[in-house]
Protein chains: 2
Amino acid sequence: MAECEHVHEGPAGLTGRDLNHALSQADDRCARAGERMTQPRRRALALLLEAGRPMKAYDLIDIFGEDGRAAKPPTVYRALDFLSRQGLAHRIESLNAYVACEMGERRHAAAFLICDCCGATEEIEPFAPERVQAAAADAGYLIDRVTIEAHGRCPACL
Amino acid sequence: MAECEHVHEGPAGLTGRDLNHALSQADDRCARAGERMTQPRRRALALLLEAGRPMKAYDLIDIFGEDGRAAKPPTVYRALDFLSRQGLAHRIESLNAYVACEMGERRHAAAFLICDCCGATEEIEPFAPERVQAAAADAGYLIDRVTIEAHGRCPACL
DNA sequence: CGATGCGTGTTATAATGTATCGTTGCTTCT
DNA sequence: AGAAGCAACGATACATTATAACACGCATCG
């Protein structure tokens with residue numbers, strides 16, 4: 001992360017009632033999808049929601065245990081894979097990090113604005129999906145998944 | 001890489017005169033930019049051009065020495081960083097891999113179509129750059145670099 | 001010349017991600 | 001209820017990807 005001279009708090013995550021509400025909604029979504037929201041999956045989501053910004057897998061591993069003990073890597077990676085499959089979280093490839101989904105819908109495409117100064121990210125609507133498909137069709141490709149990550153500076157770090 | 005039933009050769013890379021020509025052009029570009037095309041940098045670029053598809057850093061490390069001996073990781077990572085900075089190669093975040101640039105211009109934005117079956121990639125013109133900037137402006141971000149990677153199947157693997 | 005900057009080679013280590021195996025706890029079928 | 005099948009878990013070990021730190025060489029420039 002290229003530091004900048006600004007020092008400020010990153011985006012706050014969820015706490016208390018907001019957090020519980022978001023977790024309950026995730027529970028519902030899983031139930032409707034016939035998927036199981038197990039303890040480690042829920043814990044991983046809670047940590048992402050609390051953080052409110054992208055978290056490295058090993059950061060989660062370190063703080064995973066409610067008692068302060070670390071988790072085993074596969075526990076967290078499995079949970080993150082699940083959350084990504086369900087659209088409850090997204091992997092940010094250019095950061096090797098994961099972030100809770102900010103949109104409501106299940107299994108949607110995502111795009112991100114990422115601040116290289118403070119680490120804040122903003123999930124945005126993927127732009128020009130039709131032009132992706134058009135470009136792919138020109139080359140004869142059939143696309144099922146698109147990664148879009150725009151790096152720069154957030155308003156607070158400009 | 002999710003296999004598919006098709007078996008076919010991936011895209012061929014450059015050889016012989018074509019390879020030397022491409023390397024000479026890279027030499028020229030570096031000279032004009034006041035950068036040094038050193039031996040390891042040139043070797044890394046040659047390997048990428050020969051491969052004609054994305055290569056993992058450790059694949060390059062293994063075959064780096066002309067005498068068949070492996071290189072040390074920092075040697076290759078430094079060369080790849082340099083090539084990326086110069087726009088002579090691109091990093092593909094979602095593959096942890098690197099590919100020689102197929103466009104002529106220096107330091108341009110890139111986007112990729114990636115076949116999850118055979119590993120072929122196609123570098124395409126980034127679509128809708130103005131819409132990226134617009135979306136970023138809405139959120140107050142200033143963007144300097146955008147990663148766009150579309151995964152699917154290439155014509156040969158459909 | 002001496003100092004500075006950049007690139008290199010080397011060693012070591014950090015950070016990130018997976019394979020595998022045995023177990024547990026549902027769900028479903030009879 | 002009992003058994004079979006399956007999904008997820010926990011644990012160990014390991015594989016892959018990437019960087020830190022330091023010494024050296026060589027060019028440039030005051």
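Quick caveat: nothing in here was measured; it's all calculated off a predicted structure. Labels below follow one simple rule: chain letters A, B, ... track the order of the sequence lines, proteins then strands, and each chain is numbered from 1.
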Between D:dA18, C:dG7, C:dT18, which nucleotide gets closest to the side-chain atoms of B:Thr38?
-> C:dG7
Side chains of A:Ser94 and A:Glu149: do they bring a donor and an acceptor to under 3.5 Å?
-> yes
Once base and sugar-phosphate atoms are separated, protein heavy atoms under 4.0 Å mark nucleotides 25-30 of chain D, 5' to 3', with B, S and - as ------
If you pin A:Asp81 and B:Pro73 to their nearest nucleotides in DNA chain C, which one's is more 5'?
-> B:Pro73
Start at the 5' end of DNA chain D and walk down; is the nucleotide closest to A:Gln39 or to A:Asn96 reached first?
-> A:Gln39
Looking at A:Arg153, A:Glu122, A:His151, which hits side-chain contact (heavy atoms from CB on, under 4.5 Å) with A:Ile114?
-> A:His151
Less than 5.5 Å between centroids and less than 30° between ring planes, does B:Tyr58 satisfy that with D:dT16?
-> no
Does the side-chain ring of B:Tyr77 sit on the six-membered ring of the D:dT19 base, less than 5.5 Å centre to centre and under 30° in tilt?
-> no
Qualifying residue, where the test is side-chain contact (heavy atoms from CB on, under 4.5 Å) with B:Arg91 and the options are B:Val99, B:Thr147, B:Asn96, B:Leu80 = B:Asn96
Starting at CZ of A:Arg41 and ending at C1' of D:dA8, how long is that distance when rounded to a whole Å?
-> 6 Å
How about A:Asp116 and B:Asp144: do any of their side-chain heavy atoms sit closer than 4.5 Å?
-> yes
Touch check for B:Arg78, heavy atoms < 4.0 angstrom, all strands: base, sugar-phosphate only, or nothing?
-> base
Any side-chain heavy-atom pair from B:Phe82 and B:Pro40 closer than 4.5 angstrom?
-> no
Hey, does the side chain of A:Lys72 come within less than 4.0 Å of D:dG10's phosphate (OP1/OP2), counting only N and O?
-> no
Choosing from C:dT16, C:dT8, C:dT11, which nucleotide comes nearest the side chain of A:Lys56?
-> C:dT16
Choose from D:dA8, C:dT18, D:dA18 the nucleotide whose nearest atom is closest to any side-chain atom of A:Glu35.
-> D:dA8
Output yes when at least one side-chain N/O atom of A:Thr75 is less than 4.0 Å from OP1 or OP2 of D:dG10, else no.
-> yes
Compare side-chain N and O positions of B:Arg91 against OP1 and OP2 of D:dA18 and report whether any pair is under 4.0 Å apart.
-> yes
Which is true for A:Pro74 with a 4.0 Å heavy-atom rule: it touches a base, it touches only sugar-phosphate, or it touches nothing?
-> base
